[in-house]
Amino acid sequence: MLRLDVVTIFPEYLDPLRHALLGKAIEKGILEVGVHDLRQWATGVHQAVDDSPYGGGPGMVMLPEVWGPALDDVAAHTGPVAAAAALETAEAHRNVPRHDEVEGIEEQAYLGRDVREGEDPALPLLIVPTPAGKPFDQEDARAWSNEEHIAFACGRYEGIDDRVTQDAKNRYRVREVSIGDYVLIGGEVAVLVIAEAVVRLIPGVLGNRRSHEDDSFSDGLLEGPSYTKPRSWRGLDVPEVLFSGNHAKVDRWRRDQALLKTQQVRPELLEGVELDKKDRELLEGRRDA
Ligand code: ADE
């Protein structure tokens with residue numbers, strides 16, 4: 001069971017977590033989600049959550065005196081966090097099987113958690129989405145799919161007072177992550193992205209582990225093309241090799257397509273991939289796919 005807590009000034013923005021795959025995971029009891037309005041921890045007549053930056057400059061910075069108690073309550077499951085009802089699955093998913101549920105194949109978690117030197121593995125993970133963070137990748141998603149409690153702190157892009165993450169290290173393993181080199185208004189959409197990437201890897205969510213062993217990035221390569229019926233459509237034919245019934249040949253073709261796609265679109269990814277003789281022949285144009 002994975003518990004996700006999200007603290008945000010836009011709770012309704014997280015509603016998609018109740019739908020599709022994540023809603024189904026909630027219904028199955030694999031996932032529990034709490035979404036918390038940061039303003040519950042605001043004090044003062046105006047319930048302010050931010051103020052102007054020391055040293056001047058544009059934008060606003062979020063207040064440590066609001067974020068501190070909010071993250072304390074999330075870590076300890078106290079205060080408004082204990083009182084909040086967990087998110088329910090969207091009605092559309094109640095007791096309706098999904099097309100990608102697969103029975104009868106062993107469910108297996110991914111190995112390895114994200115615990116750094118000097119960190120207490122029993123502490124929950126705190127993800128702080130920010131364009132100034134380390135780029136989030138599939139390796140993070142895999143490691144975090146083994147967690148039991150992940151909290152997300154959604155700040156606006158100008159940021160949260162830096163002392164909040166410094167102090168949170170006493171109660172969390174803190175990770176500042178970016179979902180890409182562009183700037184969003186706040187961390188909410190990044191949380192949706194990260195939560196979806198993580199939750200689909202939890203055993204029992206996508207049905208089985210094999211459904212994501214061929215994903216793009218799982219072997220360091222982008223995935224090549226896929227085809228289904230009909231065999232010929234609008235004058236376009238499915239590649240002949242896929243009807244050969246020869247698994248070794250089909251696997252070789254799929255690897256070739258993945259290699260060529262990666263070389264075309266993301267050549268820098270090839271540097272991290274172990275290439276054998278056949279792979280190199282293809283990529284150097286000495287062999288056709
Ligand atoms: N908040 C604003 N921009 C972001 C980004 N690119 N990634 C994560 N969080 C963000």
Side-chain angles (χ1 to χ4, degrees), residues 1-42 47 49 66-67 69-103 107 109-110 124-129 136 140-142 144-156 171-172 175 177 179 184-209 211-212:
M1 157 72 95
L2 170 63
R3 162 98 192 174
L4 300 181
D5 281 292
V6 187
V7 182
T8 168
I9 51 172
F10 303 116
E12 64 285 358
Y13 232 91
L14 281 304
D15 207 53
L17 290 176
R18 303 197 300 128
H19 294 270
L21 209 77
L22 277 74
K24 201 69 203 168
I26 291 171
E27 188 191 325
K28 284 183 173 179
I30 294 170
L31 177 69
E32 188 174 76
V33 182
V35 176
H36 314 286
D37 189 341
L38 179 68
R39 284 190 205 279
Q40 295 175 104
W41 289 276
Q47 293 224 296
V49 294
V66 179
W67 271 109
L71 295 180
D72 291 347
D73 279 338
V74 167
H77 202 84
T78 52
V81 173
L87 224 57
E88 283 193 43
T89 182
E91 203 59 44
H93 307 292
R94 228 179 269 285
N95 304 316
V96 181
R98 283 182 56 95
H99 62 86
D100 45 8
E101 277 178 71
V102 181
E103 302 292 337
E107 291 175 0
Y110 286 96
L125 203 61
L126 176 67
I127 312 291
V128 185
F136 173 67
D140 297 320
R142 225 173 284 164
W144 299 349
S145 70
N146 292 311
E147 293 291 334
E148 286 177 5
H149 188 193
I150 304 178
F152 294 93
C154 299
R156 40 194 304 157
R171 276 147 297 144
Y172 294 94
R175 305 288 182 265
V177 291
I179 61 160
L184 305 168
I185 297 168
E188 287 76 10
V189 172
V191 170
L192 294 177
V193 168
I194 294 166
E196 184 165 317
V198 169
V199 171
R200 69 184 282 278
L201 297 179
I202 299 172
V205 172
L206 260 198
N208 70 87
R209 178 169 169 163
S211 15
H212 27 85

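What you see below is based on every heavy atom in this structure, not just the backbone, and it leaves out hydrogens, waters and symmetry mates. FYI, the numbering just counts along the sequence from 1.
To the nearest 0.5 Å, atoms CD1 (Ile26) and CG (Leu31) are separated by 5.0 Å. In this structure, the separation between CG on Leu125 and CG on Asp140 is 9.5 Å, given to the nearest 0.5 Å. A distance of 5.0 Å separates CD1 of Ile179 from CG of Leu184, quoted to the nearest 0.5 Å. A distance of 11.0 Å separates OG1 of Thr89 from NZ of Lys28, quoted to the nearest 0.5 Å. In this structure, the separation between CD on Glu196 and CG on Leu22 is 6.0 Å, given to the nearest 0.5 Å.
Residues Ile30 and Pro203 come closest through the heavy atom pair CD1-O, 4.1 Å. Between Ala25 and Val199, the shortest heavy-atom contact is CB-CG1, 4.1 Å. Between Ala197 and Ala141 the shortest heavy-atom distance is O-CB, 3.8 Å.
Tyr172 places a side-chain N or O within donor-acceptor distance of the main-chain N or O of Leu71, the cut-off being under 3.5 Å. When atom types are taken as modelled, the side chain of Arg39 and the backbone of Gln47 share a donor-acceptor pair closer than 3.5 angstrom.
Applying the side chain to side chain donor-acceptor pair (under 3.5 Å) rule to Glu88 yields the partners Arg94; only residues at least two apart in sequence or on another chain are considered. By the salt bridge (Lys or Arg N to Asp or Glu O under 4.0 Å) test, Arg156 is found to be paired with Asp50, Glu158, residues two or more places apart in sequence or in another chain being considered. Remark: Thr8 engages Glu188 in a side chain to side chain donor-acceptor pair (under 3.5 Å) (not counting sequence neighbours). For Leu192, the side-chain contact (heavy atoms from CB on, under 4.5 Å) partners at least two apart in sequence or on another chain are Leu14, Pro16, Leu17. Annotation: side-chain contact (heavy atoms from CB on, under 4.5 Å) contacts of Gln40 (sequence neighbours excluded): His36, Asp37, Pro80. Arg142 is linked by a salt bridge (Lys or Arg N to Asp or Glu O under 4.0 Å) to Glu139, counting only residues two or more places apart in sequence or in another chain. Partners of Pro69 according to the side-chain contact (heavy atoms from CB on, under 4.5 Å) rule, which considers only residues two or more places apart in sequence or in another chain, are Trp41. Taking Tyr13 as the reference, nothing meets the ring-ring contact (aromatic ring centres under 6.0 Å, His included) condition, with sequence neighbours excluded. With sequence neighbours excluded, the residues that form a side chain to side chain donor-acceptor pair (under 3.5 Å) with Arg3 are Asp5, Glu32. The side-chain contact (heavy atoms from CB on, under 4.5 Å) check on Asn146 picks up Ala109, Tyr110, Arg113, with sequence neighbours excluded. In this structure, Trp67 has no side chain to side chain donor-acceptor pair (under 3.5 Å) partners at least two apart in sequence or on a different chain.
For the pair Val66 and Leu38, the minimum side-chain heavy-atom distance is below 4.5 Å. Val6 places a side-chain heavy atom less than 4.5 Å from the side chain of Cys154. Residues His149 and Val74 form a side-chain contact, since some pair of their non-hydrogen atoms from C-beta on lies under 4.5 Å apart.
Around CD of Glu12, the count of heavy atoms belonging to other residues, nucleotides or ligands within 6.0 Å exceeds 12.
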